[in-house]
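Report on the structure given below.
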Amino acid sequence: MTRPLIFFLVLAQFLLEVALQAAPLILVEAESFAEQGGWKEDTQFIENMGSPYLMAHGLGKPVEDAHTSITIPEAGTWHVWVRTKDWVAPWGASGTPGRFQLQLNGKILNTTFGTEGAEWHWQNGGEVALPTGKMELRLKDLTGFNGRCDAIVLCMGDEAPDNTSEILPAWRREALGLGREPEDAGVYDVVFIGGGYAGTGGAVSAARMGLKVALIQNRRVLGGNGSSEVRVWAKGNTPGGLYPVGDIIRELDDSAKSSPGFYEEFEDAKKERIVRAEENLSLFLGHHAYGVVMDGRKIKSVLALDTKRSSIHEFRAPYFCDATGHGTIGMKAGADRTMIPKGRMGMSNMWRWQLAGEKTSFPATPWALDLEEGTFPYPQKMHAQWFWESGFDQHPLHDLERIRDWNLRANFGAWHAIKNKGAYARMDKSGGGHAKAELRWMAYIGGPRETQQLLGDVILSEEDVVSKRSFPDAAVLSTWSIDLHYPKEQYLGNYADNPFISYAAHGKGVDRQRGYPVPYRCFYSRNIDNLFMAGRNISVTHKALGTVRVMKTCGMMGVVVGKAAAVARLHESSPRDVYETYLAELIELMKLPGNRRRPHLNAPFVEDARVPSFTPTSPAEAAGGINPGSLKGLLIDDEQAVFSGKWSKGSGLKGFVGTHYRYSRSGQARYPFTIPESGHWDVRVNWLPHENRSSRTRVLLELSGKVVAEQRVNQRQAALLKNGFHSLGRHTFTAGQKGAVILLTEGADGNVHADAVQLLRVK
């Protein structure tokens with residue numbers, strides 16, 4: 001670009017600002033309306049278009065007006081501009097679903113907004129004569145299909161406002177009467193950015209370690225993907241095999257029984273209540289952290305936009321934790337990072353439907369994806385699950401709003417096919433062909449899985465996980481398989497260039513009950529000296545992300561970071577120094593249960609009786625089984641048995657002992673034992689009944705190498721004793737005597753079920 005051209009552009013911008021300042025101008029940020037009515041505040045795309053906005057997410061029914069009051073300082077003719085867009089225009093779709101109107105001083109303007117432009121812009125609303133004084137401004141939705149409004153400008157000039165996507169540019173600040181300098185939000189020991197499980201768990205952990213903590217969340221609820229806004233149930237286990245860093249996450253955990261579940265199951269209020277109960281923790285909901293102030297290789301402060309007041313706040317601290325998922329703060333600080341060019345996991349917007357008491361209607365959606373039966377999966381159990389996912393090859397930051405909007409087009413197109421085109425009519429169990437079905441809920445907040453990874457001193461790989469590589473700083477047990485998502489070819493159809501249905505490919509390299517230990521060195525930046533990371537943006541490869549990205553695992557990362565920040569603050573050291581010099585201190589803190597706290601760094605820890613205590617979750621309990629250690633007597637689980645032939649592991653039949661059971665039609669299962677004490681013993685074997693089990697399974701009792709008893713048992717029927725056990729009789733043994741219970745498949749008429757053997761001392 002030449003110097004004269006640069007000078008001309010700068011001069012033009014200056015003259016525009018002067019013109020705007022000279023003419024009276026009123027700026028109304030939509031998200032600052034006194035009453036939002038049925039409109040929803042959307043803060044997901046501030047980085048893309050510069051601002052939060054209001055969206056009319058009514059599922060095809062116009063939402064209640066948003067309204068506020070404004071004061072006209074001068075009577076006359078005012079020009080109206082509304083920053084909006086036609087949200088389906090990027091695809092050249094038919095129709096304009098996001099239509100809305102503006103009512104000013106009791107009069108609805110002639111312009112219908114949201115009808116033009118594929119990008120955010122100032123749509124011309126024409127001129128209106130207004131008297132001086134206070135008057136009401138209303139946003140009137142016309143469709144219920146996601147019309148959106150960023151801001152409204154009334155001015156006496158006829159120039160369109162500056163359409164920059166900069167966050168709160170100078171002209172907006174001046175119009176809102178804000179100062180040029182950010183407001184001081186205070187000085188903290190550590191600032192967590194992102195209020196999902198990782199950031200929330202980390203902030204609570206740090207506060208209980210005695211640190212002064214700020215938690216910044218750009219939405220109005222905590223939980224991230226595990227909130228009522230997105231409704232992904234929290235997965236991953238919190239095993240106790242390493243350290244009790246899962247305690248705080250078990251406090252925060254939801255009670256969702258499905259994904260997507262119902263609003264109340266995600267317990268937003270409980271999460272907020274736990275956070276606000278921490279005296280050392282300040283919560284900033286509705287604040288979008290968008291900028292950093294650097295001091296060499298350190299972050300000096302973070303700047304955040306108050307999405308309701310449109311003011312800027314500066315948070316200062318010696319340590320920061322990026323728990324944004326997107327890695328936003330690390331990226332702005334210049335942290336080393338990586339993003340695979342395509343083939344990432346995408347974003348989901350799930351939805352639910354229900355049966356009403358009478359027939360319902362749904363508008364035609366010519367602007368949605370043109371779907372019919374067979375081009376999308378039927379939403380079983382009245383909900384469309386995680387696999388309604390897109391964005392695999394789209395840019396996960398720059399294209400974020402379009403990814404969400406593509407999901408909305410797919411969702412609405414599917415429901416239109418069900419309601420208006422007879423798709424899957426036979427699947428309606430009420431027999432009405434979905435005549436009484438109505439759309440109940442749809443997430444307008446997207447649930448992303450993968451953006452970019454901030455790099456630490458260890459970049460965990462799939463090979464590390466599968467080979468069970470050990471690390472001295474092992475901190476968090478990941479119990480999810482290497483779960484990667486790909487487009488499902490069955491539903492590509494006309495949308496192969498932008499699929500919207502996925503499938504999950506689960507690897508087998510992770511013991512989902514015991515877990516794989518993720519090292520602490522994945523939780524801090526290798527080149528920004530005071531930056532921690534927690535959540536799905538930690539230092540892992542694309543494939544390793546498949547196992548660490550679920551919410552409970554991410555939450556435990558935050559808990560570890562909270563403890564590491566305490567060690568770093570105590571010694572005024574870097575996160576790296578915590579590993580290199582003070583790892584033993586971090587390990588001691590990780591050994592503390594979640595209900596231990598101290599008011600400041602130099603105080604002793606005490607147990608807080610108000611906070612629940614948790615017994616460590618055994619691998620068996622994590623798998624949904626019975627902990628072998630909880631059963632009396634001598635217990636031999638299938639893990640200690642010796643098998644010949646081909647036996648499969650199972651966990652679908654509930655009530656098993658340990659982490660699984662086994663079943664087979666060939667070979668034998670041998671359960672060896674050594675008698676610890678002379679006397680009479682009741683020998684028992686258990687099973688879980690099923691119609692495909694053998695009704696004549698042979699069970700042998702062997703003692704000192706000889707078969708001393710044999711029975712045939714019917715494993716299609718439930719055993720009569722507690723926990724599915726069946727007695728093979730009472731026998732007299734001497735201490736040290738060796739024996740075995742043997743299950744044979746020979747002569748069986750179904751699968752032989754092998755789970756556990758129990759010997760009980762009989763007095």
Side-chain angles (χ1 to χ4, degrees), residues 29-32 36 39-57 83-85 87-88 90 98 119-120 145-151 165-168 193-199 216-232 260 266 268 284-291 304-308 310 322-329 331-332 344-351 388-391 394-411 441-452 535-537:
E29 297 280 5
E31 63 276 5
S32 299
Q36 293 182 354
W39 293 68
K40 306 293 186 182
E41 182 185 55
D42 197 335
T43 62
Q44 298 170 92
F45 314 113
I46 296 173
E47 295 295 324
N48 303 102
M49 46 75 68
S51 175
Y53 60 81
L54 290 188
M55 183 168 67
H57 186 56
R83 193 164 189 249
T84 183
K85 68 188 296 188
W87 66 271
V88 301
E119 304 295 339
W120 283 94
F145 282 125
N146 303 88
R148 51 203 71 178
C149 177
D150 168 23
S165 291
E166 177 187 348
I167 296 173
L168 207 61
I193 304 98
Y197 269 70
I216 302 173
Q217 164 71 329
N218 65 2
R219 307 211 295 266
R220 300 292 169 183
V221 299
L222 298 170
N225 286 353
S227 70
S228 65
E229 294 178 320
V230 185
R231 302 192 188 181
V232 179
F266 289 89
D268 298 338
F284 296 87
L285 295 175
H287 283 67
H288 176 75
Y290 72 92
L305 169 71
D306 182 330
T307 62
K308 185 70 173 177
S310 298
D322 188 328
T324 63
H326 289 315
T328 307
I329 296 304
M331 177 178 64
K332 291 179 181 293
R344 289 172 295 273
M345 290 177 282
M347 173 197 284
S348 291
N349 289 81
M350 300 185 291
W351 48 283
W388 288 75
E389 174 183 3
S390 76
Q394 313 299 310
H395 196 285
L397 292 173
H398 303 158
D399 298 331
L400 197 61
E401 187 175 18
R402 290 193 184 185
I403 295 171
R404 191 277 307 272
D405 289 347
W406 182 261
N407 284 346
L408 296 183
R409 291 185 69 211
N411 296 351
W441 171 85
M442 185 182 296
Y444 68 92
I445 302 292
R449 292 176 178 82
E450 181 174 12
T451 306
Q452 60 186 341
R536 63 183 179 86
N537 51 234

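None of the values given here were measured: they were computed from a predicted structure.
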**Prompt:** Which value, rounded to the nearest 0.5 Å, describes the distance between Ile46 atom CD1 and Ser165 atom OG?
**Reply:** 12.0 Å

**Request:** Using atom types as modelled and distance alone, determine if a side-chain donor or acceptor of Asp268 lies under 3.5 Å from a backbone N or O of Ser228.
**Result:** yes

**Complete:** Rounded to the nearest 0.5 Å, the CG atom of Asp322 sits from the CG atom of Asn537 at a distance of 4.5 Å

**Request:** Considering non-hydrogen atoms only, spot the tightest contact between Met442 and Leu408 and give its length.
**Result:** SD-CD2, 3.8 Å

**Asked** So, are Arg404 and Asp42 salt-bridged, with charged N and O less than 4.0 Å apart?
**Response** yes

**Prompt:** Atom CD in Glu47, atom CD in Glu401: separation rounded to 0.5 Å?
**Reply:** 13.0 Å

**Prompt:** Of all heavy-atom pairs between Ala443 and His57, which one has the smallest distance, and what is that distance?
**Reply:** C-NE2, 4.4 Å

**Request:** May I ask you to decide if Arg148's main-chain N or O and Lys85's side chain share a donor-acceptor pair within less than 3.5 Å?
**Result:** no

**Asked** Gln36 and Leu54: side chain to side chain contact (heavy atoms under 4.5 Å, CB included), yes or no, with the steps?
**Response** CA-CA 8 Å; Gln36 293 182 354; Leu54 290 188; 3.8 Å; yes

**Request:** Apply side-chain contact (heavy atoms from CB on, under 4.5 Å) to Asn218 and list each qualifying residue two or more places apart in sequence or on a separate chain.
**Result:** Thr43, His288

**CE-OG1 distance between Met55 and Thr84, expressed to the nearest 0.5 angstrom** = 11.5 Å

**Prompt:** Nearest 0.5 Å, what's the CZ-OG1 distance between Arg219 and Thr307?
**Reply:** 11.5 Å

**Message:** If the condition is side-chain hydrogen bond (donor to acceptor under 3.5 Å, both in side chains), which residues does Trp87 pass it with, not counting sequence neighbours?
**Reply:** none

**Closest approach of Glu31 to Pro52 (non-hydrogen atoms, all atoms of both residues)** = OE1-O, 3.1 Å

**Message:** On a heavy-atom basis, which atom in Ser310 and which in Ser32 lie closest, and how many Å separate them?
**Reply:** OG-OG, 3.8 Å

**Asked** Under the side chain to side chain contact (heavy atoms under 4.5 Å, CB included) criterion, do His326 and Met331 qualify, and how do the steps go?
**Response** CA-CA 9 Å; His326 289 315; Met331 177 178 64; over 6 Å; no

**Distance in Å, Glu450 CD paired with Met345 CE, rounded so as to fall on 0.5 Å steps** = 4.5 Å

**Request:** Among Ile403, Asp405, Asn407, find the one that has a side chain to side chain contact (heavy atoms under 4.5 Å, CB included) with Asn349.
**Result:** Asn407

**Asked** Are Asn225 and Pro448 side-chain neighbours, meaning at least one heavy-atom pair lies under 4.5 Å?
**Response** yes

**No-hydrogen, no-angle side-chain donor-acceptor test under 3.5 Å, Thr451 and Arg536** = yes

**Asked** Hey, mind stepping through Gln394 and Arg402 against side chain to side chain contact (heavy atoms under 4.5 Å, CB included) and telling me if it holds?
**Response** CA-CA 9 Å; Gln394 313 299 310; Arg402 290 193 184 185; over 6 Å; no

**salt bridge (Lys or Arg N to Asp or Glu O under 4.0 Å) assessment of Glu229 paired with Lys40** = CA-CA 11 Å; Glu229 294 178 320; Lys40 306 293 186 182; over 6 Å; no

**Prompt:** So, for Trp441 and Pro260, which heavy atoms are closest and what is the spacing to 0.1 Å?
**Reply:** CZ3-CB, 3.6 Å

**Asked** Between Trp120 and Tyr53, what is the ring plane arrangement, given parallel below 30°, perpendicular above 60°, and tilted in between?
**Response** tilted

**Request:** Check Met49 against Arg83 and note the closest heavy-atom contact, atom names and distance.
**Result:** O-NH1, 3.0 Å

**Message:** Taking Leu397's backbone N and O only, do any of them form a donor-acceptor pair with Asn48's side chain (distance below 3.5 Å, no angle check)?
**Reply:** yes

